[in-house]
> 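Quick one: the structure is below, and I'll ask about it shortly.
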Amino acid sequence: LDSLLQEVRDYIKMATNSESPDMAATFAGPKMVAIQIMQELLLFVYHLVAGILTSLARLCCPTAFFKDITGDIVLVTGGGSGLGRLLCQKLSQRGATIVTWDINAAGNKETVELIKEAGGQAFGYIVDISDRHAVYKVADRVRADVGDVTILVNNAGIVTGHGILDSKDTDNIKTFQVNVFAHFWTIKAFLPAMISGRRGHIVSVASLAGYSGSPRLIDYSASKFAAVGLDESLRVEMFMQGHSDYIKTSSVCPYFIDTGMFAGVQSRLIAILQPEHVAETAVQGILHNKEVILIPGWVWILMVLKSVMS
């Protein structure tokens, strides 16, 4: 199936890049549309078959699918507290060198100290990730000080918790800058080295709010829908460009977590999640190269019901 997909890619490339008017005319119109449809169908079948076989194999022998991240340089945004700090600690325990970015200087310093006290290696940088110029500037410093990042965890996020008519324009903009646009800046900063080094993993910490709308969280939910879409689109792009064997992507989509970010939230159907559980589940998913990490895992049933009923 891989070779067939490659033949289709080459066929389309030959058609679209041809300098001959006769060749371009030959591939124009319905024939070109049919080829593109065939490509999309093959891509769908490929992901379907690969997903089923991989899931079965993981059930039979889960440890065989763990990847070794010893020596990897892992950058975590929002690593100065909460889930970000736990991710830093857990990834460090598995042998990775940690780079934590946060706007909170004291919290970031504490994360670095905790990792070093446990025998790990960590570096902290103060960054306002809503500022793309700051992101690119500090990314250059990380490359010079530590090396090329091989695992990028876009974890930082903010929430305001207002209804749409009560929310401020500046809050809406800031939410998207931190929760979505920052992902673009960090990916652009670190993906090229991952591709040239033929090793990389980009993780987007999104939310179940990126699959189902939430009242009084409209800007937050919309930003998480965007983060989920960015992750999926990037994964498809890496596949189409031939990088998917060594560039992996994952989206981590938990329900509300018991942190200060969602203080006061009450839930009847799904229990509020504990940060420790979310961090461990996320790390396990990253080590398995799992594409979508839903927490709790059973919520896929609710997603299916939503699709059927809508």
Side-chain angles (χ1 to χ4, degrees), residues 44 47-48 51 77-78 81-84 86-87 129-130 153-187 202-237 249-275 277-279 281-282 285-286 290-310:
F44 171 77
H47 281 295
L48 180 63
T77 65
S81 62
L83 180 62
L86 288 170
L87 290 171
I129 61 170
S130 67
V153 183
N154 279 311
N155 163 77
I158 60 172
V159 62
T160 57
H162 296 297
I164 190 165
L165 297 180
D166 296 323
S167 64
K168 297 178 181 177
D169 292 349
T170 52
D171 289 340
N172 300 149
I173 293 168
K174 191 71 170 182
T175 296
F176 270 79
Q177 286 175 330
V178 174
N179 294 4
V180 184
F181 293 145
H183 293 213
F184 282 87
W185 317 145
T186 56
I187 289 170
I202 295 173
V203 182
S204 299
V205 177
S207 169
L208 288 180
Y211 285 95
S212 180
S214 301
R216 297 186 61 80
L217 292 172
I218 291 181
D219 53 358
Y220 175 81
S221 184
S223 71
K224 294 304 182 178
F225 268 88
V228 170
L230 170 57
D231 168 75
E232 185 172 330
S233 299
L234 178 61
R235 180 159 54 251
V236 173
E237 184 167 301
T249 78
S250 300
S251 61
V252 181
C253 300
Y255 188 60
F256 295 128
I257 307 173
D258 186 14
T259 63
M261 195 170 179
F262 295 105
V265 170
Q266 296 180 344
S267 176
R268 295 178 181 178
L269 180 61
I270 306 175
I272 303 296
L273 302 174
Q274 294 304 308
H277 169 68
V278 174
T281 304
I286 293 168
K290 201 171 179 183
E291 293 179 352
V292 180
I293 306 165
L294 301 175
I295 311 172
W298 61 266
V299 295
W300 67 267
I301 299 173
L302 300 181
M303 293 180 184
V304 172
L305 289 174
K306 177 187 174 183
S307 299
V308 171
M309 295 173 66
S310 60

> Go through it in stages, so that I can follow the logic: the residues are I295 and Y255, the test is side chain to side chain contact (heavy atoms under 4.5 Å, CB included), and I'd like the CA-CA distance, side-chain angles, deciding distance and then a yes or no.
CA-CA 6 Å; I295 311 172; Y255 188 60; over 6 Å; no
> Restricting to non-hydrogen atoms, name the atom on V278 and the atom on P254 that form the minimum distance, rounded to 0.1 Å.
CG1-CB, 4.0 Å
> Tell me, please, which residues at least two apart from N155 pass side chain to side chain donor-acceptor pair (under 3.5 Å).
none
> Of all heavy-atom pairs between C253 and V228, which one has the smallest distance, and what is that distance?
SG-CG2, 4.1 Å
> To the nearest 0.5 Å, tell me how far L217 CG sits from F256 CZ.
5.0 Å
> Begin from the C-alpha positions of N154 and I187 and carry the test side chain to side chain contact (heavy atoms under 4.5 Å, CB included) through to its verdict.
CA-CA 9 Å; N154 279 311; I187 289 170; 4.3 Å; yes
> State whether a side-chain donor-acceptor pair under 3.5 Å links D231 with S204.
no
> Quick one: OH on Y220 to CG on N179, what's the gap to the nearest 0.5 Å?
7.0 Å
> I'd like a table of donor-acceptor pairs (distance under 3.5 Å, sequence neighbours excluded) in which one partner is a side-chain atom from residues 156-169, with atom names and distances.
| residue | atom | partner | partner atom | Å |
| --- | --- | --- | --- | --- |
| T160 | OG1 | D219 | OD2 | 3.4 |
| S167 | OG | I164 | O | 2.9 |
| S167 | OG | N172 | ND2 | 3.4 |

> Residues in side chain to side chain contact (heavy atoms under 4.5 Å, CB included) with V308, at least two apart?
V304
> Can you name the residues that form a side chain to side chain contact (heavy atoms under 4.5 Å, CB included) with A279, not counting sequence neighbours?
L83, L86, L87, K90
> Rounded to the nearest 0.5 Å, how far does NZ of K290 lie from OG1 of T281?
9.0 Å
> Which distance, rounded to the nearest 0.5 Å, do you find between the CZ of F181 and the CD1 of I173?
9.5 Å
> Could you tell me which residues satisfy side chain to side chain contact (heavy atoms under 4.5 Å, CB included) with S221, sequence neighbours excluded, listed by chain and number?
A209, F225
> Please check if atom CD in E232 has more than 12 non-hydrogen atoms from other residues, nucleotides or ligands closer than 6.0 Å.
no
> Just by modelled atom types, is the V205 backbone N or O under 3.5 Å from a matching donor or acceptor in the K224 side chain?
yes
> CZ of F184 to OG1 of T186: how many Å apart, nearest 0.5 Å?
10.0 Å
> Nearest 0.5 angstrom please: S223 OG to L230 CG, how far?
12.0 Å
> Who passes side chain to side chain contact (heavy atoms under 4.5 Å, CB included) against V292, sequence neighbours left out?
Y211, R235, S251, L294
